[in-house]
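Heavy-atom basis, side chains included; hydrogens, waters and symmetry copies ignored. Quick note on labels: first sequence line is chain A, next is B, and so on, each numbered from 1.
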There are 2 protein chains.
Amino acid sequence: MAGRKNQNAELRKPEILEGYYSVLIEEGLEGTSISKIAKHLGIHPSLILHYFKNKDNLRLALIELMISKYKSKHLIEFDHIEDPAERFTLLMDTIFSYKWSRTVDPGVHFGFYYQSFRNKNVSELFREMFCWLRDYLCQQFVIYNREGIIQVNDVKTAADFIVTLMEGLEFHAQFLGQDQPFDSFAEKAKKSALVVLKNHTL
Amino acid sequence: MAGRKNQNAELRKPEILEGYYSVLIEEGLEGTSISKIAKHLGIHPSLILHYFKNKDNLRLALIELMISKYKSKHLIEFDHIEDPAERFTLLMDTIFSYKWSRTVDPGVHFGFYYQSFRNKNVSELFREMFCWLRDYLCQQFVIYNREGIIQVNDVKTAADFIVTLMEGLEFHAQFLGQDQPFDSFAEKAKKSALVVLKNHTL
DNA sequence: GTAAGTTAATTGAATGGTCAGTAAATATTA
DNA sequence: TAATATTTACTGACCATTCAATTAACTTAC
């Protein structure tokens, strides 16, 4: 080993999570081990366990990091847009955009999705994330409803519908989106969503 | 070992796949090994490799079996319904039903979804399955359009939209459907889909 | 119709590899 | 000196896969 760094926890932990994320993208869930992450980072495997105690903690830490990125990356922009109509348009444009769908590497995203079926902690984190997004939309939809920008009877169901469609888009991109770019179909899905939101359908 | 069965490939292979499926449900993708499947079936691990050569073949065989179940289980019913309007209603009811969503154990379903990101063969099988469903819907939508049951401009996009929404429902059930039964939200999603299909939206 | 020959089903035992995790030793910093 | 960072060396478990041996069932010939 060239040089020993002797950093502290504050610096090492995120560095390890970054490495974990990279290896995850390259090797997938099953191909990722503590040894491989260590090799990727040029450190000893035991050091990872020193900081995260076990693999499950490591995984949860990464998921928490991903979710915080997911939360912060896009939505902050919306708060300082005064005009509700303008904010609504941007919100919908964002949610149905390619950039939004790639906030986290889709392979990694799906991998953790899958693990949520067997790992209660993972499942809870994802549930919180989706509820957070749903509730944000809810709260916004109340405003848009009041302003006459949309017409929905049940804001919670409407928000659920948008999230559902948004997640379905990931599937579409993976399996049915071969012959057209993501944005092309996403735009049509968005238009359909708008029809539903403006029709007292939900 | 109690009794040796001495069956032949015709009987053994599906038996092994059934065992594989069971272990997969109980233990998940990462917890499933050839040894465990063998133990579950009361046979020797080598026998599994004798029939399927390696683990990847085993996996592909199971996926193919699942897909054929998926294809055959529901859609056959539709063909002998003469009245298009009646067939359309039943088709939509089926696609947005709990029963349909549970054709395959959702944990296993998601697991293979995930693997499609890294395994070209898996990805191709899933793509074929979704395209098959999409194309079936396409072909039906042409008829319904002609009969005035729906009003869509682009049947392919409309079919894509329905599949997208259908897949999104799986997510919803997993993460946002805690406080209501599947059918409750699925019904609302279906109503929204109907609005889109009857509005020249797509 | 029974013995020999052939094939397929099944097991046994072993291989090399990787895995997560532990406990203790060494190095660095403050 | 005390605390933290990092490495070393090791464990036991499990993994997919291989190869050779064994057993049962079927085929053919006499």
Side-chain angles (χ1 to χ4, degrees), chain A residues 1-24 26-63 111-112 114-115 118-122, chain B residues 1-24 26-63 111-112 115 118-119 121-122:
Chain A
M1 281 304 116
R4 163 172 176 152
K5 283 218 212 160
N6 251 69
Q7 298 179 118
N8 59 17
E10 220 100 341
L11 297 170
R12 252 323 177 206
K13 285 178 115 176
E15 190 181 324
I16 290 173
L17 292 178
E18 275 300 314
Y20 182 20
Y21 186 58
S22 299
V23 177
L24 224 32
E26 283 165 27
E27 310 274 350
L29 262 185
E30 304 168 62
T32 298
S33 66
I34 290 179
S35 303
K36 280 189 192 162
I37 302 167
K39 200 166 289 173
H40 177 88
L41 290 167
I43 60 173
H44 201 276
S46 294
L47 190 57
I48 294 174
L49 289 164
H50 168 68
Y51 281 116
F52 292 95
K53 199 186 149 192
N54 59 44
K55 207 189 182 183
D56 199 52
N57 277 336
L58 181 64
R59 170 169 44 223
L60 294 177
L62 180 57
I63 294 175
F112 288 138
Y114 167 64
Q115 293 203 325
R118 308 203 57 78
N119 187 316
K120 199 105 200 218
N121 294 321
V122 174
Chain B
M1 283 302 120
R4 162 175 182 148
K5 286 215 205 159
N6 253 71
Q7 298 178 120
N8 61 16
E10 221 101 341
L11 297 170
R12 255 317 180 210
K13 284 178 116 177
E15 192 180 322
I16 290 172
L17 291 178
E18 274 301 314
Y20 182 21
Y21 186 58
S22 300
V23 176
L24 224 32
E26 282 165 28
E27 310 273 350
L29 264 185
E30 304 168 61
T32 298
S33 67
I34 290 179
S35 303
K36 280 189 191 161
I37 301 168
K39 200 166 286 171
H40 177 88
L41 290 167
I43 60 172
H44 200 277
S46 295
L47 190 56
I48 295 173
L49 288 163
H50 167 69
Y51 281 116
F52 293 95
K53 199 185 150 194
N54 59 43
K55 208 190 181 183
D56 199 51
N57 278 336
L58 181 64
R59 172 170 42 223
L60 294 177
L62 180 56
I63 295 175
F112 288 138
Q115 293 202 325
R118 308 203 58 77
N119 187 316
N121 294 323
V122 175

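- Listed by chain and residue number, nothing satisfies the salt bridge (Lys or Arg N to Asp or Glu O under 4.0 Å) test with E30(A) (two or more places apart in sequence, or in another chain).
- In this structure, of dA9(C), dA5(D), dC19(C), it is dC19(C) that holds the atom nearest to the side chain of S35(A).
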>> Show, in sequence, the C-alpha distance, side-chain angles and deciding distance for Y20(A) and L24(A), and conclude whether the side-chain contact (heavy atoms from CB on, under 4.5 Å) test is met.
In response: CA-CA 6 Å; Y20(A) 182 20; L24(A) 224 32; 3.7 Å; yes

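- Remark: E26(A) engages no residue in a salt bridge (Lys or Arg N to Asp or Glu O under 4.0 Å) (not counting sequence neighbours).
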> Where do L58(B) and L17(B) land on the side-chain contact (heavy atoms from CB on, under 4.5 Å) test, with the steps shown first?
Replying inline: CA-CA 8 Å; L58(B) 181 64; L17(B) 291 178; 3.9 Å; yes

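- Where P45(B) and K36(A) meet DNA chain C, the nucleotide closest to each residue was compared, and P45(B) sits on the side nearer the 5' end.
- Shown here are the side chain to side chain donor-acceptor pair (under 3.5 Å) partners of D56(B), two or more places apart in sequence or in another chain: R59(B), N119(B).
- Across dT17(D), dT10(C), dT7(D), the shortest atom-to-atom separation from the side chain of K55(B) is found for dT17(D).
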> Run the side-chain contact (heavy atoms from CB on, under 4.5 Å) check on L47(B) and R12(B) step by step: do they pass?
Replying inline: CA-CA 9 Å; L47(B) 190 56; R12(B) 255 317 180 210; 3.9 Å; yes

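- With respect to N121(A), the side-chain contact (heavy atoms from CB on, under 4.5 Å) criterion is satisfied by exactly one of N57(A), I63(A), L60(A): L60(A).
- Atom-to-atom, CD1 of I37(A) to C1' of dT18(C) comes out at 14 Å; the value is rounded to the nearest Å.
- For E18(A), the salt bridge (Lys or Arg N to Asp or Glu O under 4.0 Å) partners are K69(A), not counting sequence neighbours.
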Look for any protein N or O under 3.5 Å of an N or O in nucleotides 18-20 of chain D and output each such pair with its distance, or none.
from: dT18(D); atom 1: O4; to: S46(B); atom 2: OG; distance (Å): 3.2

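- Between its two ends, the helix from dG1(C)-dC30(D) to dA30(C)-dT1(D) turns its axis by 10°, counting five pairs per end and rounding to 10 degrees.
- Minimum atom distance to the side chain of I34(B) is reached by dA16(D), of the listed dT10(C), dT6(D), dA16(D).
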